[in-house]
Structures are given as structure tokens and as C-alpha cells.
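Keep in mind that what you see is a predicted model, and the values were worked out from it rather than measured.
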Amino acid sequence: MEHELTFQKIKEQVELPELLSHFGYTLKKGEHLGRGKWYVFEGDDTLVVFKGRGGDWMYFNAQDDRDKGSVIDWMKNRVSSGRIAGIAQPPGRNLWQAVNDHFRTYLNLPEQQRPRLELPSIAETAPGEKFHSIFTKDCRPLEDTTYLEGRGISQATLRHPQFVGRILNHRHTVQRPGLPPKTYVNTAFPAYHEGRVVGLELKGDGFKGQAPESQFSRSLWLSRLPEARPATVLVVSESALDTLSYAQLHPQESALYASTAGTLTQNKIFELQRLLREEHIPAIRAAFDNDTQGHHFDTRLLAGLASDQNPMKVVREHEHQLTVEIVAPQPAGVQALSRQLQAYNEHTSQQFSQANGAPGTPATDLTLREQLIHSQKLGAHTYQFHVPMNAAALAAFNLAASQTLAFAHRVEIAKSQGKDWNQDLKQDQLQRVVQRELSPVDEDQHGFGQEHWDNPAQEGLGKIARQHEAQATARAGGQRLLVVELRESRDAVALLPALRENLERVGLTIDHATKHKPGAAREIVTELTLRYAADSPQLLVLSDTLDALRQSPHITVVEPPQDAAERRQQAAAREQTRQAGAALVPSGSAARDQARHAFIHAAGQVARELRKSAATLDAARLQEVSRQLLTKATLTGVNQENVGKVLAVVDTLETVKASPAVIQLRQAAHLLQQPTELAQEVRPRITPRL
């Protein structure tokens with residue numbers, strides 16, 4: 001071609017699909033996601049090709065959101081990156097000359113060397129039309145809500161217009177050797193960047209992950225914009241689950257919700273700034289976790305949103321200390337910040353002195369200095385603040401900075417009562433259930449009558465549980481009654497929800513609950529009447545749980561002596577039976593069954609040592625896992641979690657942690673936590689039975 005080859009002529013003469021085919025890309029067969037909107041080509045990356053305005057060929061890279069544009073952009077990005085052999089920038093030619101040279105070479109190829117593709121026609125993309133991401137090709141609208149409802153998210157929240165379509169179900173099929181394929185359905189949260197899906201955060205019971213090639217460094221999970229736009233506040237938290245929990249606890253029709261998939265990079269802050277600016281949102285509310293990392297994210301966000309009046313940046317992030325630099329030509333804000341931080345330091349120093357028992361201890365004490373916030377002036381208008389990397393110090397700095405410094409948008413900080421918003425949501429729901437159960441009732445509504453039990457009077461025994469008729473009726477039906485009295489402080493995290501969950505998990509039924517007049521200020525006293533079957537299949541773990549509760553300073557267990565003796569004797573008999581060798585259901589893997597036998601054998605010995613160390617609840621957990629392993633071939637879910645808890649306790653017991661039984665238990669647990677297919681390939685290295 002002798003005439004001048006302009007970029008416009010290139011766009012008119014080069015068919016991008018054919019160009020891609022020439023350089024080794026192949027059209028993905030059976031691709032119907034676009035419904036006539038685009039083609040998908042696979043090569044060293046995945047390209048989505050479509051017709052833009054005016055009929056120009058356009059593309060974007062599913063793995064790199066910087067790689068997009070026209071045919072000119074495609075060639076330019078290959079010349080500059082060297083992604084494809086043969087496309088490079090020769091010496092003496094600038095980038096654009098090299099782009100033109102490669103197109104000239106391509107267009108001068110003989111006709112038979114230029115590929116010709118027979119492709120179904122596609123329609124021109126309308127301005128502003130959003131593409132569905134190839135990441136969502138295995139996704140369907142949210143139908144299976146089991147996981148979300150198990151985490152406390154209500155159907156009302158999931159059906160809210162702000163969240164409809166922003167949560168999906170992702171289907172993943174695993175082909176197992178010699179077995180039929182198995183399909184898993186997980187909950188998927190799409191990650192968005194500039195309106196396009198660039199990844200998936202996947203959640204399920206006992207599972208979390210992400211779709212391959214997901215781009216989380218600059219993307220956010222987002223709700224829909226409120227109908228009454230613009231939004232009044234952008235609420236951002238660490239996970240989509242926490243975002244949904246916050247929205248359910250603090251519903252706000254005019255909010256836009258976002259989550260960062262557990263990280264807060266500078267690119268994510270840029271994306272938050274773009275949303276605030278383009279959607280004209282006046283305020284942002286940081287709702288990160290209530291732990292050190294969550295407070296650290298607050299600091300990063302404050303630095304990213306600082307006004308030009310007092311630019312702020314995090315210049316050093318050490319394991320133990322965060323260094324924040326502020327440039328402030330007008331020092332009033334920094335002076336106010338320093339005064340608040342000085343007040344925090346004085347309060348911390350006072351607490352240290354009181355605990356130390358020496359009020360005159362100088363502030364230069366090294367232990368104390370490491371907990372204080374320090375500052376220094378580097379230049380005429382530059383200040384640095386060195387903040388200990390702990391939740392209290394970071395929270396003090398963030399609160400003071402948000403109140404005294406200027407920001408491009410109004411910045412608010414919200415913190416959960418527990419570690420995160422989902423924990424708060426579950427706590428709130430349990431409290432509501434308990435409140436309904438603890439509402440004033442007629443104490444005789446169950447027909448217990450007024451006679452007391454024929455047992456010796458015991459301290460803390462409540463009215464309901466003392467009645468003889470109730471005990472007699474229960475025993476006639478093969479059941480037993482007892483009372484648990486819980487005393488807790490209004491100023492601490494509520495213990496009742498966790499207690500209730502543990503009791504019901506081991507097979508105890510709460511027959512009745514009532515509140516009593518507290519004996520001390522700010523105290524809550526709750527009495528639970530519990531029922532269990534004398535022949536309960538969970539009697540072993542149930543008995544250990546009740547004995548463990550007796551060790552708690554917050555709990556009083558009131559139980560007829562003959563019932564306590566009976567359940568302990570029956571539990572011991574069952575333990576002996578189990579030790580004698582209960583029937584193990586074969587799994588089809590000799591190696592895995594050997595590990596199950598080894599685990600059960602070692603667990604019995606470790607459980608006995610735990611009981612001697614007053615860790616009866618952990619002994620019960622271990623025995624329950626052993627019982628489950630009689631029929632299950634893998635440690636997953638709650639069983640895996642319980643083994644982790646027990647081993648954490650074992651590590652604190654010097655007389656137990658190095659025993660051969662513990663070593664054998666760890667080895668067996670490690671193998672049983674492996675996927676079935678992997679465990680079949682690896683022969684276990686289990687210490688012989690003792």
C-alpha cells in the first residue's frame with residue numbers, strides 16, 4: 001500500500017476478529033452470553049470484541065481492564081507490552097510508527113494469507129450499554145439463599161431494590177475420577193470497576209474464594225443506586241456480607257453500599273472517590289471491622305480523602321506502628337488534632353500508672369511509650385504522627401482526625417459492637433428471640449402446679465424448676481430437668497446468645513426462661529429450665545457440657561444429685577463402648593479409614609487429659625467429632641472448627657501438648673482435612689497406636 005495509511009483508514013480496513021485470528025486467537029465456540037452483542041476470543045488472554053458507535057470494532061481484556069479500546073489500541077498495547085511474538089517496537093521507530101508499520105505489513109499480506117471468518121452478525125452497542133462480564137457466565141439470579149439466611153440476612157433485605165441483581169448464585173461442577181460430576185452452588189458477589197464486572201467473590205458453607213483471574217485490586221462490590229438519586233451517603237465495609245448486615249441493622253433508603261473484598265488498596269480509594277464525585281454523593285461512612293485492621297483501613301481512607309488544605313498520606317506501615325504525614329500551611333487543624341491526641345496519651349498514661357501501682361512512673365517507660373501516639377514537625381508545614389498499630393490508638397487518631405481536619409467529602413466512622421456487622425446482626429437476632437422467650441408469662445401456664453421438688457434446697461434454684469410435678473412428668477417420659485442460672489454484666493458482650501447456641505447444639509432443650517431481680521448494679525440474671533432425654537444419642541457430649549458449665553464463674557448449674565450421677569454413669573458407659581470399637585462405616589479409602597481409627601483412638605486419650613485439666617467442654621467437643629467420624633470420612637465444617645479449638649487449648653497445656661496422643665491426633669486430623677481425592681493419593685504417616 002503506497003498511499004498514506006492513517007489510523008482512520010486502518011479502522012475502516014481492518015476487521016478486528018480477523019486480525020486476532022491471524023495472531024493466534026481462537027473464537028470461543030458456543031458463546032451466547034452476548035445474545036448477538038459480542039464475540040469472545042481466547043489467546044494469551046481473553047478478549048471481548050464488539051461493535052462500538054459508528055460501527056468501529058472495539059474490545060476489552062477480561063484479565064486487564066487497562067487493555068481496551070479500538071483496533072489501534074489493541075496493536076499499541078501489544079507493541080508496548082511484547083505480549084505477542086513478532087509484534088515489537090523496532091529501533092529508531094517510535095510507538096505510533098511501529099503500530100502503523102505492523103498494520104501496513106498485515107494489510108499487505110497476500111489475500112490467501114489474510115484469514116476470513118464466517119461470524120454471526122452482531123448489533124452495534126448502544127451508548128452507555130453495560131456488558132455482562134464473562135465472569136458471570138456460570139451465574140444465575142439469586143435463588144439459593146441458604147448461605148445468606150444462615151448468616152442472618154433476611155429475605156426482605158435480599159429482595160430490596162438496592163440489592164436485587166447484585167448477588168448471584170454461581171454454579172461450579174467438579175469432575176471426580178470414577179465418580180459422577182458434582183455441582184456446587186455458591187453465593188457470588190460481583191466486583192465492579194467503572195460499571196463493569198471484573199471478578200467474583202464466592203461464598204458458601206465452609207468455603208470462600210474467588211473466580212479465576214478476578215481483579216480485586218481496584219474493584220468494589222456495589223449495591224444499586226437508590227431510586228431517589230443522588231445518594232446521601234456511600235457506606236463502605238470490608239465484605240459484602242458485612243455490608244448487607246449493616247444495611248439490615250441500619251436501613252437507609254438513600255445510601256449506596258460498597259464493600260472492598262477484605263482489602264483497601266489505593267486503587268480502591270480512587271474508585272470510591274470517583275463514585276463520590278460522579279454520583280454527587282456528599283458523605284462517605286467507613287463501616288470497616290472493629291479490629292486493628294478495620295481501624296487501619298479507616299486511617300487509609302481518611303488519608304485518601306484528605307482535602308488540599310491539609311494533604312495527608314500514610315508514609316510507613318510497620319507491623320507495630322503506622323506513620324501518617326500531614327502538610328498543613330494553616331496549622332489550626334493540626335494543633336486541634338494534637339490536643340486531642342495529647343488527651344488520649346494522658347488517659348493512657350494514667351491507666352498505665354494505676355495498673356502499675358506506681359503513680360509517679362515517668363512517661364519515658366518503654367512499655368508505656370510503645371502505646372502512646374508520638375508526633376514531630378519535619379518542616380515549616382509538615383507534621384508526622386506515629387500511631388501504635390493497635391485498635392485503641394488507631395481509633396483515637398482516626399476520630400480526632402475526622403473531627404479536626406478538612407476532607408474533600410464529609411467522612412463518618414461507624415463501628416460495630418462486636419468484631420464485624422454480621423456478628424452484630426446475629427447477636428441482635430438472638431437477643432430478639434431471647435426477649436420474646438423472656439417476656440412476662442404466667443409461671444403456671446405449663447401446668448407445673450405449686451409443689452416443690454423433693455430435693456434438698458439449693459442456692460439459685462428458681463420457682464419454675466423446683467416444682468415436683470414438672471420433674472415427675474419429665475421422668476415418666478424418660479426425660480430429665482435441670483436449671484442453669486446465668487449472671488452477666490450489661491456493660492459487656494452478652495453471653496446468653498452463645499450459651500443458648502451451645503446448649504441446643506448438644507441436645508438440651510430450653511423449656512422455659514425467666515429473668516430475675518439482679519443482685520448487683522448493671523447485672524442481668526437469667527434462669528433457663530433445660531430438658532434432655534435420658535437416652536439421648538448426644539448424652540456423652542451433653543454430660544461433658546454440663547460439667548464444663550459448672551466451671552464458669554458466671555453460671556450456676558442446679559441439678560438433682562441423682563440425675564447428675566445417672567448421666568455421668570451412662571456417659572462413662574457409652575465412652576467405654578466407644579473405646580471398645582464402635583462400627584466404622586467404610587469410606588472406600590483404606591488410608592482414610594486408618595486415619596479415622598487413629599483419630600478416634602487418640603481423641604479418647606486426649607479427652608481424658610483435658611478433663612483432668614478442667615477443660616471438659618473441649619473434651620466434649622473432641623468426643624463429638626470422634627462420634628461424627630464413625631460415619632463421615634472428612635473433617636469439614638463444624639467438626640474441623642471444633643478440632644481447631646481443641647488443639648488451640650491443648651497448646652496452652654504444657655503437660656498435654658507434647659504427648660504422643662496429641663501428635664497422633666494432629667497427624668490424623670491433617671490427613672482427614674484433605675479433600676477425598678487428595679487423601680487417596682497420599683499415604684498417611686500416622687504414629688502407631690499407643
Can a side-chain donor-acceptor contact be found between [Y] and [X] if the only test is distance below 3.5 angstrom?
| X | Y | value |
| --- | --- | --- |
| Q423 | K419 | no |
| S416 | N290 | no |
| Q371 | T348 | no |
| E317 | H296 | yes |
| T299 | N398 | yes |
| R171 | T183 | no |
| Q605 | E609 | no |

Practice item. Please step through side-chain hydrogen bond (donor to acceptor under 3.5 Å, both in side chains) for the pair E566 and Q562, ending with a clear verdict. Key: CA-CA 6 Å; E566 176 191 54; Q562 66 271 28; over 6 Å; no
[X] and [Y]: which non-hydrogen atoms are nearest, and at how many Å?
| X | Y | value |
| --- | --- | --- |
| T145 | E149 | OG1-OE2, 2.6 Å |
| A564 | R550 | CB-NH2, 4.4 Å |
| G294 | E238 | CA-OE2, 3.5 Å |
| A607 | L622 | N-CD2, 4.1 Å |
| L540 | A571 | CD1-O, 2.9 Å |
| A534 | Q570 | O-OE1, 3.0 Å |

Just by distance, do the side chain of [X] and the backbone of [Y] share a donor-acceptor pair under 3.5 Å?
| X | Y | answer |
| --- | --- | --- |
| D424 | Q417 | yes |
| S536 | A533 | no |
| Q427 | G418 | no |
| R592 | S587 | no |
| R596 | L630 | yes |
| N169 | D144 | yes |
| K203 | Y147 | no |
| E485 | T556 | no |
| N422 | D242 | no |
| Q640 | Q673 | no |

Are the side chains of [Y] and [X] in contact, using a 4.5 Å heavy-atom criterion?
| X | Y | answer |
| --- | --- | --- |
| Q429 | Q248 | yes |
| L629 | L635 | yes |
| D547 | V557 | no |
| L542 | L539 | yes |
| D291 | F297 | no |
| Q321 | R316 | yes |
| Y246 | L425 | no |
| L549 | N502 | no |

Practice item. Give the C-alpha distance, both sets of side-chain angles, the deciding distance and a yes or no for side chain to side chain contact (heavy atoms under 4.5 Å, CB included) between L148 and L241. Key: CA-CA 8 Å; L148 293 170; L241 187 65; 4.1 Å; yes
Approximate separation, where rounding is to 0.5 Å, of [X] [atom1] and [Y] [atom2]:
| X | Y | atom1 | atom2 | value |
| --- | --- | --- | --- | --- |
| M389 | E370 | CE | CD | 14.0 Å |
| H386 | I373 | NE2 | CD1 | 11.5 Å |
| I510 | L499 | CD1 | CG | 7.0 Å |
| F397 | L322 | CZ | CG | 8.0 Å |
| D593 | L672 | CG | CG | 9.5 Å |
| N642 | Q623 | CG | CD | 12.5 Å |

Exercise for review: Could you go through the side chain to side chain contact (heavy atoms under 4.5 Å, CB included) check for L399 and K415 one step at a time?
Suggested key: CA-CA 11 Å; L399 178 62; K415 279 287 175 277; over 6 Å; no
Exercise for review: Before giving the answer on side chain to side chain contact (heavy atoms under 4.5 Å, CB included), spell out for F599 and Q667 the whole-Å C-alpha distance, their side-chain angles and the decisive distance to 0.1 Å.
Suggested key: CA-CA 8 Å; F599 183 99; Q667 292 174 337; over 6 Å; no
Point to revise | Heavy-atom neighbours of H374 NE2 exceed 12 at 6.0 Å | key: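 Correct, the count exceeds 12.
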Check your understanding: Using 4.0 Å as the upper bound for N to carboxylate O, is an ion pair formed by E624 and R621?
Key ->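 Between E624 and R621 there is no salt bridge, as every charged N stays at least 4.0 Å from the carboxylate O atoms.
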Practice item. Please report the C-alpha distance between F189 and L244 in whole Å, then the side-chain angles of each, then the deciding distance to 0.1 Å, and finally whether the side chain to side chain contact (heavy atoms under 4.5 Å, CB included) criterion is met. Key: CA-CA 11 Å; F189 299 98; L244 292 168; 4.0 Å; yes
